[in-house]
There are 2 protein chains.
Amino acid sequence: MSSPVTADPGRRLSSEERREQILRAAIAVFGARGYVGATTDDVAKAAGVSQPYVVRLFGSKESLFLAALGDATDELLRTFREALASDDAEVPIDKRIATAYVDLLRVRGLHQTMSHAYLLGSHPVIGPAARRGFAQVWRFFRDEAGFDADKARAFLAEGMLINTMIGLRLVDDYGDDESVTEMFRSCFPSTLPDVLTIVPRSDDPW
Amino acid sequence: MSSPVTADPGRRLSSEERREQILRAAIAVFGARGYVGATTDDVAKAAGVSQPYVVRLFGSKESLFLAALGDATDELLRTFREALASDDAEVPIDKRIATAYVDLLRVRGLHQTMSHAYLLGSHPVIGPAARRGFAQVWRFFRDEAGFDADKARAFLAEGMLINTMIGLRLVDDYGDDESVTEMFRSCFPSTLPDVLTIVPRSDDPW
DNA sequence: GTCTATAGGATGATAGAC
DNA sequence: GTCTATCATCCTATAGAC
């Protein structure tokens, strides 16, 4: 089936295992449909559980989204820190972080769940959480990676553009000309191996 | 009241005038809440008309969103072309376009309506429209402004970062430290006059 | 730990009057 | 050109059994 993260739907798991599983599904589903557009039933189906159980475990759709956003942000920062720590003298720091960011596309919906949150700044609950998460990333670049403000800004900007191209599902549907292909290529350095195999397509609902 | 675009709510207007008025409201509302999150009643209230009338004029919520997206994209390109044409030798092309982009923040929700659309790539109707609109902007940079691919990409990236900071409503609520203030400043060159007066705040619902 | 059944509240769209 | 009234659908959340 099309569920992105289902693992042995029939089994009885610990609450902790289920949480993880549902969070994965939530990131995929929220990423594709957004906070309001995604239903708790979408998430439940993707995780292979019932809709009321999702609500039961997380309390509300809002809490579920906050948990998914927190999880995505944590995973992003963890991956960045790994890239920073892997003291590969061959490859400069910024290059390693950029590669890590693109590799993270394997986690379906991660970039887009964050992007959706970043667009909801006027939401009374999600807004503040989104601002906190975004600030965490900024501080990583400044304090941990050692970028100056300009470098950090440029880096973040490229990241937001990547998120946009991913959200647009730009890969296989580029209207009536080739300029979009050029655009897409110029965003993903050709040195990166299999980008095209991990980028979500327009016919992929999640 | 809080309606962003209400003009003489009681008057009887031509269909064309009403369309314009409702489109303005739709851009503001969709920008703040997203395609799914915004209701046709939100738009109606912001425009000072009844909810069924909004649906009547545009056929459906989906068509209304497509119209709003098209309108926003048109206005963006028109503004860019104006900036390009104003042959001000003092200021280089890219600087003029950047300034025009920031000035467009006066049109509430314009940047964010586009950003929301760009996140809905897997939507069967909105996805293709969003890809077309984005490609139009890319082609403007390449074919009309004369940027090379690298320059166009960098420019687009900075734009997406600006959209993000606007969507986050980052201006007046920056959590627990000053790093966010720094981040915000580094995105908006201080040469720009009154950015802070036209940027939407976190307590502004639209 | 997990499900079925369902209440209750929006919300998009239609019918029809003025 | 514009409104009021209303239907039908969808969706979150709760109740309660196993």
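All values reported here derive from a predicted model rather than from experimental measurement. Sequence lines set the chain letters: A, B, ... in the order given, protein chains first and strands last, and positions in each chain run from 1.
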S.K.: Nearest whole angstrom, please: distance from the P of C:dT2 to the CZ of A:R19.
M.R.: 13 Å
S.K.: Tell me, please, which residues at least two apart from A:Y101 pass ring-ring contact (aromatic ring centres under 6.0 Å, His included).
M.R.: A:H111
S.K.: Within a strict 4.5 Å, meaning less than it, do heavy atoms of the B:E16 and B:Q21 side chains meet?
M.R.: no
S.K.: So what's the dot-bracket for DNA chain C: Watson-Crick or G-U pairs under 3.5 Å, [ ] if a pair crosses, | if it pairs off-strand?
M.R.: ||||||||||||||||||
S.K.: What residues form a ring-ring contact (aromatic ring centres under 6.0 Å, His included) with B:Y53, not counting sequence neighbours?
M.R.: none
S.K.: Whole-Å distance between C:dT11 P and B:F65 CZ?
M.R.: 17 Å
S.K.: Any salt bridge linking A:K151 with A:D94? Criterion: basic side-chain nitrogen under 4.0 Å from a carboxylate oxygen.
M.R.: yes
S.K.: Given atom NZ of B:K45 and atom P of C:dG12, what is their separation to the nearest angstrom?
M.R.: 11 Å
S.K.: Could you give all pairs that pass the salt bridge (charged side-chain N to carboxylate O under 4.0 Å, His left out) test and reach residues 113-123 of chain A, with sequence neighbours left out?
M.R.: none
S.K.: Identify all pairs in which a protein N or O lies below 3.5 Å from an N or O of nucleotides 15-18 of chain D, and state each distance.
M.R.:
unit_1, atom_1, unit_2, atom_2, d
D:dG16, O6, A:R56, NH2, 3.0

S.K.: Just to be sure I understand the geometry, which residues of residues 115-124 of chain A put a non-hydrogen atom under 4.0 Å away from DNA chain C?
M.R.: none
S.K.: Between D:dT14 atom P and A:L57 atom CG, what is the distance in whole Å?
M.R.: 14 Å
S.K.: Counting only side-chain heavy atoms from C-beta out, which of D:dC3, D:dG1, C:dC3 sits nearest to B:S15?
M.R.: D:dG1
S.K.: Restricting to side-chain contact (heavy atoms from CB on, under 4.5 Å), what partner residues turn up for A:E75, sequence neighbours left out?
M.R.: A:R24, A:R78, A:T79, A:L104, A:V107, A:L110
S.K.: Excluding sequence neighbours, so at least two apart, what forms side-chain contact (heavy atoms from CB on, under 4.5 Å) with A:V199?
M.R.: A:L105, A:I166, A:V171, A:F184, A:V195
S.K.: For B:F58, what residues pass the ring-ring contact (aromatic ring centres under 6.0 Å, His included) criterion, not counting sequence neighbours?
M.R.: none
S.K.: Evaluate the side-chain proximity of B:F65 to B:V125: yes if any heavy-atom separation is below 4.5 Å, no if none is.
M.R.: no
S.K.: Using ring-ring contact (aromatic ring centres under 6.0 Å, His included) as the criterion, list what pairs up with A:F134, not counting sequence neighbours.
M.R.: A:Y118
S.K.: Apply salt bridge (charged side-chain N to carboxylate O under 4.0 Å, His left out) to B:D204 and B:R201, showing your working.
M.R.: CA-CA 5 Å; B:D204 181 8; B:R201 312 269 159 162; over 6 Å; no
S.K.: Anything under 3.5 Å between a protein N or O and an N or O of nucleotides 9-12 of chain D, put it in a table, one pair a line.
M.R.:
unit_1, atom_1, unit_2, atom_2, d
D:dT12, OP1, A:K61, NZ, 3.0
D:dT12, OP2, A:T40, N, 3.0
D:dT12, OP2, A:T40, OG1, 2.9

S.K.: Nearest whole angstrom, please: distance from the P of D:dC3 to the CG of B:L13.
M.R.: 10 Å
S.K.: What is the distance, rounded to the nearest whole Å, between atom CZ of B:F58 and atom C1' of D:dT2?
M.R.: 15 Å
S.K.: Atom CG of B:L64 to atom C1' of C:dG12: distance rounded to whole Å?
M.R.: 12 Å
S.K.: Between B:D41 and B:K45, is there a side-chain heavy-atom distance shorter than 4.5 Å?
M.R.: yes
S.K.: Can you tell me the distance, in whole Å, between the CD1 atom of B:I22 and the P atom of D:dG1?
M.R.: 11 Å
S.K.: Does B:D87 have any side chain to side chain donor-acceptor pair (under 3.5 Å) partners at least two apart in sequence or in another chain, and if so, which?
M.R.: none
S.K.: Salt-bridge test for B:E144 and B:R139: reply yes if a basic N is under 4.0 Å from a carboxylate O, no otherwise.
M.R.: no
